[in-house]
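Just so it is clear, the values below take in all heavy atoms, side chains as well, and ignore hydrogens, waters and symmetry mates.
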Amino acid sequence: MRRLSLIAAASSLAIALAAPASAGELLDLSAVEGDGFLLVDLDEGVSEPGLKIVTEDPNNDDFTTANQFSPQGVQNCVMSSVADDLVCDAPRGSGKRVKTNLTGKAPLDLVFNVGDSGGTTEYFNFQKLTNQTGARLVGFQVQLGTGTGGNFTPAEDGALAGKLSFDDLVMLTSAQATSWPGTTSATGQDPLQRAFFPGGLFGTGGADAPSGFFTDPQRAGFIFEQLSSDTLKAEDIFGAYATLFGNAQLSRNQVPDGLFFDDDGDPTTEAVLQFWKSGDQWLDSNGDPVSESQIQSLAAQEDYEIGPIEDLSNANVNFSFDVGDLGVDQVTLRFVPIFAPIVEASGSDYQFGVAASLDSTNIPFLDADPEFATIISEIESLPSRAAQQQALERAGTSYLRNFTELGFVVTRAQSEHVLQRLQQNRLRQFAGQGAASDQMAAYSGGYGASDRLGVAEVDPSRNRQLASAGSPDELAGMLARADAVDGYVRLNEKLTAYVTGSGTTGELDGTTNGAGADFNGFALSAGADYRLSEPVLVGAAVSYGATYSDIDDGRGELDVDGFTASIYGSLGAGSGAYLDGMLAYSWLSYDNSRTIRFGSIDRQADSDPDGRQIGGAVRAGYDFVFNDVVLGPSAKFQYLDVEVDDYTETGAGVLSMEVDENQESSQTLWIGGHASTPIDMGWGILRPDARLHWVSEFENGERAVTTNFTGGSLGFDTPVDGRDENYIRGGLTLTGEFDAGGTAMSVSLAYDGTFGNDDLSEHRGTLNVAAHF
């Protein structure tokens, strides 16, 4: 829509500079703003910006057609840009209608440049108004004024009163005019102000058909009412449309399928409707059943095709308005959609989807469960707009993003177990170079208690090694003779086995389209790694974790647990460059209990879908040594991709939901560093390691999950809002290294937290116990 507006504005400027201003005249389209767009269809010859202004008879105020009923002979108009040489009185069916599409709750504004020179020119508007909002239109308004969006001012409320206005709606006395369906006056309805459904479906037929497909001879459309000189209102449907499809114009996603026949062999022209599908039954134009086998037999032929009956979402709209000597540069033609009360009550895209789905049960051919009428009545009867919106929030699954986000919480904890172990393994090789290292060498455990019982490489000329059963004094002497290079000790310990446990607490903040949650969880990991050579380490781990959450506003509980298998490796020593990597696969299981409570409705919907996740991380850095301190920058890239299986809830009647597969990825870059130093505590070595990283999330866009209520409603996309793209992750680990009955042990206690994230706060405490052999 924005791209079209920019194109329209650029082209309009060029035309405005080239065209001289004449009496009260529309010059060109300046902008398209709001919820909608003008269709540009190059296959049908409709070029940008989708409409054009034709002015062949300036100062033609109070124009009247020759036959007093059709726009025959019109010379000034707003029409489709289907061809440069096509004018207002081109033949019927030549594609003159501007394809105006409404896509949401907000109005659509068409802004025109105008010129003043003291006269009044009347313009006829050829419009095809298409409903692509996702909800039924019970009507619409057409308004004239200035400004757009919240700055729109109706013509009657400003200086344009009496100068910019629609023609009188009722003015004709011909027999044909007074017989028009929906006429509200004995004098008949102005043919230049009408809203009707395509003749190819209803009434006497369209350009290519002698009669409409639905054989009721009466036309179908909206009754057009003039509310004021600057506002027309189309509401209340008459004719066969209402009987078959309800008292509102269907949205494009709500129309039924039909079987079409290409009667002229030209794919660029409209095919002819042969049969339509009402619910599960195919019908002919008289409403008589047709077998599925017959339909499939015809559909297999080259000239037949099954597809949506798009014209059921279209309304042909005729109206004319006068442009006088305005004294302004621009005017606005506004289209305002009108929805059912339950849809009008919605305040977010999510609420709109829920309301539109519930309201779709009023479409007759869907044959929806009558229980929906009770649900709609309960919501509409709530005492305030806020209460109605809360009911819409609770009616659907307003927390689909929590499925994937809590899955990430579980698996990130498990992956951090592994990455923290790699960091601690690397730091164990650092012996220090200052006074602290001398104290550790003199200490009975040598460089560190965690290595006190490890077998170190001694002077090769001695050609001996000291077993771990040696006395502390002997081990101290061994370590004093150990080969120390660049501040780290070469150890011949090969195997480390460890167990890690962590507890997590946090909060997912609510977003415009998603409910938040408070959560708590834990994760347990067991693993082992093996040092292939001095700088090379490989390992594997298995993990189990679970997270339990309470959804905000009492909307239920969502729990997730999962097993993870991971492999990992590291290249690097206690100082200098290093590279870590890991791969993981997780099996997830969800337990969802959704509470639905509003008015007299109090239900619980249950489901237990499964999921899976793949993940990986690569971390690179360089550790500098400053006496007894290791300090270095690092960068990490982490990828996570979680999929939650589709599921169907039970227990809530028609408010139980069917939810399609829910998939989300996370790609984060971590830039920061850490600082660590060994401290001789007498009982062993205490090694603090502080870290701080700036995290950038690349997968932070919005997405949607297809959902639907059971019982016959039409599905809708539940929006999932994007995540915060930048935040801080910080932590501190305290590791104690000591001798435990002949085995070198490490015990680490860590804290990690997420800060500055608008969507997530998370705090995790981790305990790791490792034995080195």
Side-chain angles (χ1 to χ4, degrees), residues 44 67 69-72 91-97 99 126-131 136-137 139-140 175-183 188-189 191 193-224 234 236-252 254-264 266 269-279 281-290 295 298 303-318 363-365:
E44 294 188 7
N67 65 2
F69 191 71
S70 72
Q72 189 179 62
R92 185 182 182 186
S94 55
K96 293 181 291 185
R97 293 193 176 276
K99 297 176 174 61
F126 293 98
Q127 295 283 335
K128 176 178 284 187
L129 195 66
T130 298
N131 180 9
R136 301 185 314 144
L137 283 182
F140 58 88
Q176 191 175 16
T178 55
S179 67
W180 175 254
T183 296
Q189 181 157 6
Q193 321 260 50
R194 286 187 286 155
F196 54 96
F197 295 113
L201 297 178
F202 302 97
T204 57
D208 302 319
S211 61
F213 174 80
F214 300 102
T215 55
D216 188 324
Q218 181 177 245
R219 294 302 302 265
F222 285 100
I223 297 176
F224 233 163
D236 296 330
I237 290 179
F238 61 86
Y241 190 103
T243 302
L244 295 170
F245 305 108
N247 61 344
Q249 180 182 342
L250 300 182
S251 178
R252 180 62 58 86
Q254 297 175 332
V255 302
D257 280 342
L259 179 69
F260 294 88
F261 172 58
D262 183 2
D263 62 337
D264 61 4
D266 185 353
T269 61
E270 292 187 2
V272 179
L273 180 62
Q274 303 292 302
F275 305 100
W276 73 287
K277 192 171 187 179
S278 175
Q281 178 65 62
W282 285 93
L283 304 174
D284 64 16
S285 62
N286 295 312
D288 296 327
V290 180
I295 296 296
L298 290 172
D303 293 336
Y304 287 86
E305 182 180 9
I306 294 176
I309 309 175
E310 294 184 350
D311 263 350
L312 288 173
S313 62
N314 299 330
N316 295 330
V317 184
N318 292 352
I363 301 174
F365 70 82

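- In terms of the ring pair (Phe, Tyr, Trp, His ring centres under 6.0 Å) criterion, Phe260 has no residue partners (sequence neighbours excluded).
- With sequence neighbours excluded, the residues forming a salt bridge (charged side-chain N to carboxylate O under 4.0 Å, His left out) with Lys99 are Glu44, listed by chain and number.
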Stepwise side chain to side chain contact (heavy atoms under 4.5 Å, CB included) check, Ile309 with Phe213: CA-CA 11 Å; Ile309 309 175; Phe213 174 80; over 6 Å; no
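- Between Val290 and Gln281, the shortest heavy-atom contact is O-NE2, 3.1 Å.
- With sequence neighbours excluded, the residues forming a side-chain hydrogen bond (donor to acceptor under 3.5 Å, both in side chains) with Ser251 are Asn253, listed by chain and number.
- Residues meeting the side-chain hydrogen bond (donor to acceptor under 3.5 Å, both in side chains) test with Asp266, sequence neighbours left out: Thr268.
- Here the closest heavy-atom approach between residue Pro256 and residue Lys277 is recorded as CB-O, 3.3 Å.
- By the salt bridge (charged side-chain N to carboxylate O under 4.0 Å, His left out) test, Glu305 is found to be paired with no residue, residues two or more places apart in sequence or in another chain being considered.
- Checked against side-chain hydrogen bond (donor to acceptor under 3.5 Å, both in side chains), Asn316 has no partners two or more places apart in sequence or in another chain.
- Judged as a salt bridge (charged side-chain N to carboxylate O under 4.0 Å, His left out), and not counting sequence neighbours, the contacts of Arg252 are Glu310.
- Among residues two or more places apart in sequence or in another chain, the side-chain hydrogen bond (donor to acceptor under 3.5 Å, both in side chains) test is passed with Gln127 by Thr100.
- Ring to ring, Phe197 and Phe245 are not that close: their centroids are 6.0 angstrom or more apart.
- Here Tyr304 contributes atom OH and Asp262 contributes atom CG; the two are 10.5 Å apart, rounded to the nearest 0.5 Å.
- Under the side-chain contact (heavy atoms from CB on, under 4.5 Å) criterion, Ala234 pairs with Phe140, Ala195, Phe222, Phe224, sequence neighbours left out.
- Across Pro308 and Val255, no two heavy atoms sit closer than the pair CB-CG2, 3.7 Å.
- Checking Arg136 against Asn247 by side-chain atom types alone, a donor-acceptor pair falls below 3.5 Å.
- When all heavy atoms of Lys96 and Phe126 are compared, the closest pair comes out as O-CB, 3.6 Å.
- Pairing each heavy atom of Gln249 with each of Asn131, the nearest pair is O-ND2, 3.1 Å.
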Pair up each side-chain donor or acceptor in residues 236-243 with any protein partner under 3.5 Å, not counting sequence neighbours, and list the distances.
unit_1: Tyr241; atom_1: OH; unit_2: Leu250; atom_2: N; d: 2.9
unit_1: Tyr241; atom_1: OH; unit_2: Leu312; atom_2: O; d: 2.7

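- Atoms CD1 and CH2, on Ile306 and Trp276 in that order, are 15.0 Å from each other to the nearest 0.5 Å.
- Residue Trp282 comes nearest to Asp257 through the heavy atom pair CZ3-O, 4.1 Å, listed as atom of the first residue, atom of the second, then distance.
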